[in-house]
Amino acid sequence: MERRHRRTRREKLEDELTSTEAAIEQYRAAIAAMEEKRQSLLEEIESEHIREVTKLLKEKNLSVNQLKDLLGDMTGDDLERQGA
């Protein structure tokens with residue numbers, strides 16, 4: 001019976017390098033997918049904010065121009081106090 005070829009240290013290291021490179025590519029793909037998901041979620045949040053503002057404008061029977069005027073009359077300090 002023939003003996004199996006014993007792998008050298010270099011062969012083992014090359015195999016480990018190949019495995020490590022494959023894992024890196026998997027992580028890069030996962031990161032790219034998560035970044036796309038993050039961007040999508042940010043866009044959905046922004047859309048929700050716009051919906052909330054639109055709903056509030058309708059409830060208060062205000063136009064966008066009236067809202068601009070109201071906000072234009074406020075100073076930066078007023079906006080900070082209302083946001084806090």
Side-chain angles (χ1 to χ4, degrees):
M1 189 155 86
E2 188 176 321
R3 278 188 121 189
R4 217 171 130 205
H5 170 70
R6 187 171 179 182
R7 292 176 35 188
T8 64
R9 176 165 166 72
R10 180 186 53 81
E11 290 171 328
K12 291 177 186 176
L13 290 171
E14 287 172 348
D15 287 346
E16 187 173 347
L17 176 61
T18 301
S19 172
T20 301
E21 288 172 341
I24 289 170
E25 281 307 309
Q26 287 178 338
Y27 284 118
R28 283 187 178 143
I31 288 171
M34 294 303 292
E35 286 176 345
E36 286 179 24
K37 182 176 180 179
R38 178 182 178 269
Q39 187 61 39
S40 174
L41 289 169
L42 288 171
E43 290 170 4
E44 285 185 51
I45 289 169
E46 185 175 350
S47 292
E48 192 59 32
H49 284 159
I50 292 169
R51 279 190 212 104
E52 290 173 3
V53 170
T54 302
K55 181 181 175 185
L56 184 62
L57 287 173
K58 287 180 182 178
E59 287 175 1
K60 300 295 182 180
N61 200 24
L62 291 172
S63 70
V64 173
N65 288 332
Q66 289 171 319
L67 177 63
K68 285 180 186 178
D69 291 341
L70 286 170
L71 293 176
D73 291 342
M74 299 179 102
T75 66
D77 292 336
D78 292 336
L79 291 173
E80 285 179 17
R81 269 187 259 128
Q82 293 210 0

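All values below were derived from every heavy atom in this structure, side-chain atoms included, with hydrogens, water molecules and symmetry-related copies excluded. Note that the numbering runs from 1 along the sequence shown for the chain.
- Scored by the side chain to side chain contact (heavy atoms under 4.5 Å, CB included) test, Leu56 finds Glu59, Lys60 as partners (sequence neighbours excluded).
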If you look only at distance, which donor and acceptor atoms sit under 3.5 Å apart when one is on a side chain in residues 18-25 and the other is two or more places apart or in another chain?
| residue | atom | partner | partner atom | Å |
| --- | --- | --- | --- | --- |
| Thr18 | OG1 | Glu14 | O | 3.0 |
| Thr20 | OG1 | Glu16 | O | 2.8 |
| Glu25 | OE2 | Arg28 | NH1 | 3.0 |

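- When the side chain to side chain contact (heavy atoms under 4.5 Å, CB included) test is applied to Lys58, the partners found at least two apart in sequence or on another chain are Thr54.
- There is no path of hydrophobic side-chain contacts, each under 4.5 Å, that joins Met34 to Ile31.
- Leu71 and Val64 fall within a single hydrophobic cluster, where Ile, Leu, Val, Met, Phe, Trp and Tyr side chains are chained together by heavy-atom contacts under 4.5 Å.
- In this structure, Lys68 NZ and Leu70 CG are separated by 12.5 Å, a value rounded to the nearest 0.5 Å.
- Under a cut-off of 6.0 angstrom, the local environment of CG in Asn61 is sparse, with at most 12 non-hydrogen atoms contributed by other residues, nucleotides or ligands.
- Partners of Ile45 under the side chain to side chain contact (heavy atoms under 4.5 Å, CB included) rule, at least two apart in sequence or in another chain, are His49.
- Listed by chain and residue number, nothing satisfies the salt bridge (Lys or Arg N to Asp or Glu O under 4.0 Å) test with Asp69 (two or more places apart in sequence, or in another chain).
- Identified under the salt bridge (charged side-chain N to carboxylate O under 4.0 Å, His left out) test for residues 36-48, with sequence neighbours left out: Glu48-Arg51.
- Under the rule for a side chain to side chain contact (heavy atoms under 4.5 Å, CB included), the partners of Thr8 that lie at least two apart in sequence or sit in another chain are Arg10, Glu11.
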